[in-house]
Amino acid sequence: MNGIWVQFVGNLAFVCLAMSLWAHLAIWFQRILSEYTKISLGLMTGLTSVGSILLAFEFSAGLYTDLRFAPLALAGLFGGPVATCLAATIAVLFRVLIGGVAMIDGVIAMVAVAAIGLAIHFVMRKRAPSLLDIALLTLAVGTVILVSLVALPNVAKAHTLAGVGLPMILSNCAATALCGLMLLKTQQLKLERSMLETAFSQSPDYLYVKDRDSRFVTVNDNMVRLFRFRSAAEMTGLTDFSLMTPPLAEELYHYEQEIMRTGKPLTDSLEHIGDRVMLASKVPLRDSDGRIIGLAGVTRDITERTALERELRESRKLLSHAMAGMSDGFAMFDKKGFLLFCNEQYRNAFPLSGDVRVVGAHVRDILIRVVETGERAGLTAETAGDWVETSVAAFHSNRDEEIQHWNGDWRSIRMRIGEDGTAIVVVSDITATKEAEIALRLSAEQLKSLAETDGLTGIVNRRAFDEAFAREAAR
């Protein structure tokens, strides 16, 4: 009995080794095998099943016991119809080739196990396999083998269940579980690697990895296009001295060697490559022992952004000059009443409340300051509170008004509301205009008085009498 266990353990080791080899090859050659994963899995599981048959021992005349079932079941679960058909075909043809009294029974059992794996594959409905699926497949494999040992005539006659049933069932279940976990982990690693490679290659930025000598180890597609190469492989092993002018390459090499010497990353460093403006960040890469083995870089093209920022600065500078050169005061409030911008003339137009007319101030606070300082003529303690509330409520409306300061100066305030709710305020000093208007009104009154009064007696003249008579007659 101990010899039987040794045979099955050796067979188990072979099956696990074969599947482990395929798992490693699938990761190493992921790009090459990506389109042929199911075919390669079918070939490997079929050959593994054949190898297990070759390592089998003959329990009775023409009856071989081995671990051929685990690879076939896994082909169905992880590979689907293509891998299942290929693996089952290879294993069945080989089993027919070697013949034996239990050939038909063996073929039936292999087909049943492969069908079970394929059935679970379809039940998953295109989702990735999980631990539960592997456990279910392991249980199904054990059940199929048990039923085969009991129900298939040639196998049952040889009393296989009593002789090698337990080792055979347990070994096949162990092989299914171990190799299933191995393939599950391989699938997860391939997915993670594929996601990382896709993110790396399709990133809108320029990504690259360099070794200690600042040679490119890998680059993404944007780097390839930037330097007009056909593939990333053509850039592997090159340095910046092969791509840029000597002064720029020397500067970049110095910075990168300093990063790897000190272990300090470089963040948001400006680089000029031709007529392009780049923003580069580079970090040192360390191995498991903490030694620096290279660096990883991310470079972003900010040429357009830099040009826009320059235009914006020039526009703001031009606007500031224009606002500063205006004779009128100018201010802008947002839709909530907060001051967004104002020039110096706006603050100077209100000498007593100018200190609170700063960016971020609310119109209510400005009006309260006007009341506290008595800057506006005509406001009393009784009317000040109502005036503030009324003014705040009516602030965002188009209007023109003239106000008088405490010292007699006059200001014209013109307010216009934009579509987004912002309020544009223009303040003009109209003191001279108002004084001229008042003087003109007084002159008109004096001229009228002279026209209606006798200069010698100071009594109203005939003109005034006629006008008064006409009024009284009309009444």
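Along the sequence shown, residues carry numbers from 1.
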Exercise. Thinking salt bridges, do Asp334 and Lys336 make one under a 4.0 Å N-O criterion?
Worked result: no
Exercise. Donor-acceptor pair, Asn222 side chain versus Leu207 backbone, under 3.5 Å?
Worked result: no
For this session: Check for a donor-acceptor pair, side chain of Ser428 on one end and backbone N or O of Ile430 on the other, with a separation under 3.5 Å.
Result: no
Exercise. With side chains defined as the heavy atoms from C-beta onward, is the minimum distance between Arg411 and Asp429 less than 4.5 Å?
Worked result: yes
Exercise. Taking C-beta and beyond as the side chain, do Leu118 and Pro81 meet within less than 4.5 Å on heavy atoms?
Worked result: yes
Exercise. Asp328 side chain to Val426 main-chain N or O, any donor-acceptor pair under 3.5 Å?
Worked result: no
For this session: Answer yes or no: is there a side-chain heavy-atom contact under 4.5 Å between Leu270 and Ile302?
Result: yes
For this session: Please step through side-chain contact (heavy atoms from CB on, under 4.5 Å) for the pair Leu352 and Trp406, ending with a clear verdict.
Result: CA-CA 10 Å; Leu352 301 186; Trp406 86 103; 3.8 Å; yes
Exercise. Hey, what do you get for CD1 (Ile366) to CG (Leu339), rounding to the nearest 0.5 Å?
Worked result: 5.5 Å
Exercise. Can you tell me if CZ on Arg212 sees more than 12 non-hydrogen neighbours from other groups inside 6.0 Å?
Worked result: yes
Problem set entry | Closest heavy-atom pair and its distance - Val277, Thr306 | CG1-OG1, 3.9 Å
Exercise. Is any side-chain N of the basic residue among Glu256 and Arg261 closer than 4.0 Å to the acidic one's carboxylate O?
Worked result: no
Problem set entry | Reported CG-to-CD1 distance for the pair Asp287 and Ile293, which is rounded to 0.5 angstrom | 5.5 Å
Problem set entry | Flag side-chain contact, heavy atom, 4.5 Å: Asp240 against Ser214 | no
Seminar exercise, completed: In short, Val371 meets Leu379 closest at the heavy-atom pair CG2-CD1, 4.3 Å
Exercise. Hey, mind stepping through Glu389 and Arg364 against salt bridge (charged side-chain N to carboxylate O under 4.0 Å, His left out) and telling me if it holds?
Worked result: CA-CA 8 Å; Glu389 297 302 324; Arg364 183 186 300 276; 2.7 Å; yes
Exercise. OG1/Thr303 to CG/Leu279 distance, rounded to the nearest 0.5 angstrom?
Worked result: 11.0 Å
For this session: Using a 4.5 Å cut-off on heavy atoms from C-beta on, say whether the side chain of Glu402 contacts that of Thr433.
Result: no
Exercise. Would you find a donor on one side and an acceptor on the other, under 3.5 Å apart, between the side chain of Asp420 and the backbone of Thr422?
Worked result: yes
For this session: Measure from the side-chain N and O atoms of Asn172 to the backbone N and O of Gly142, and report whether any donor-acceptor pair falls under 3.5 Å.
Result: no
For this session: Please report the closest heavy-atom contact between Ala75 and Thr45, naming both atoms and the distance.
Result: CB-OG1, 3.3 Å
Problem set entry | Arg399 side chain to Phe395 backbone, donor-acceptor under 3.5 Å | yes
For this session: Of all the heavy-atom pairs spanning Leu137 and Leu77, show the shortest one and how long it is.
Result: CD2-CD2, 3.7 Å
Problem set entry | Closest approach of Ser40 to Thr37 (non-hydrogen atoms, all atoms of both residues) | OG-O, 2.8 Å
Problem set entry | Min side-chain heavy-atom separation Phe227-Met244 under 4.5 Å | yes
Exercise. Does Ser281 use its side chain to pair, donor to acceptor, with the backbone of Asp268 at less than 3.5 Å?
Worked result: yes
For this session: Measure the OG1-CG distance between Thr48 and Leu72 for me, rounded to the nearest 0.5 Å.
Result: 9.5 Å
Problem set entry | Test item: Asp409 side-chain N/O and Thr431 main-chain N/O as donor-acceptor pair under 3.5 Å | no
Exercise. Does the pair Val356 and Asp365 meet the rule for a side-chain contact (heavy atoms from CB on, under 4.5 Å), with working shown?
Worked result: CA-CA 8 Å; Val356 298; Asp365 299 325; 5.9 Å; no
For this session: Check the pair Val388, Val370 against side-chain contact (heavy atoms from CB on, under 4.5 Å), reporting the backbone distance first and the verdict last.
Result: CA-CA 9 Å; Val388 170; Val370 171; over 6 Å; no
For this session: Assess whether side chain to side chain donor-acceptor pair (under 3.5 Å) is satisfied between Asp133 and Ser130, documenting all intermediate values.
Result: CA-CA 5 Å; Asp133 298 319; Ser130 63; 3.1 Å; yes
Problem set entry | Minimum-distance pair of heavy atoms, taken over all atoms of Gly180 and Leu74 | CA-CD2, 3.6 Å
Seminar exercise, completed: Rounded to the nearest 0.5 angstrom, the CZ-CG distance for Phe241 and Leu252 is 8.5 Å
Seminar exercise, completed: CE of Met19 to CG of Leu178, rounded to nearest 0.5 Å, is 12.0 Å
Exercise. Is there a side-chain contact between His121 and Phe78 (heavy atoms, below 4.5 Å)?
Worked result: no
For this session: Can you establish whether the number of heavy atoms outside Arg127 located under 6.0 Å from its atom CZ is more than 12?
Result: yes
For this session: Check the pair Phe350 / Arg369 against side-chain contact (heavy atoms from CB on, under 4.5 Å), numbers first and verdict last.
Result: CA-CA 11 Å; Phe350 303 94; Arg369 182 67 170 171; over 6 Å; no
Problem set entry | Side chains of Tyr206 and Met278 in contact at under 4.5 Å (non-hydrogen atoms) | yes
For this session: Evaluate whether atom OH of Tyr255 has more than 12 neighbouring non-hydrogen atoms of other residues, nucleotides or ligands under 6.0 angstrom away.
Result: no
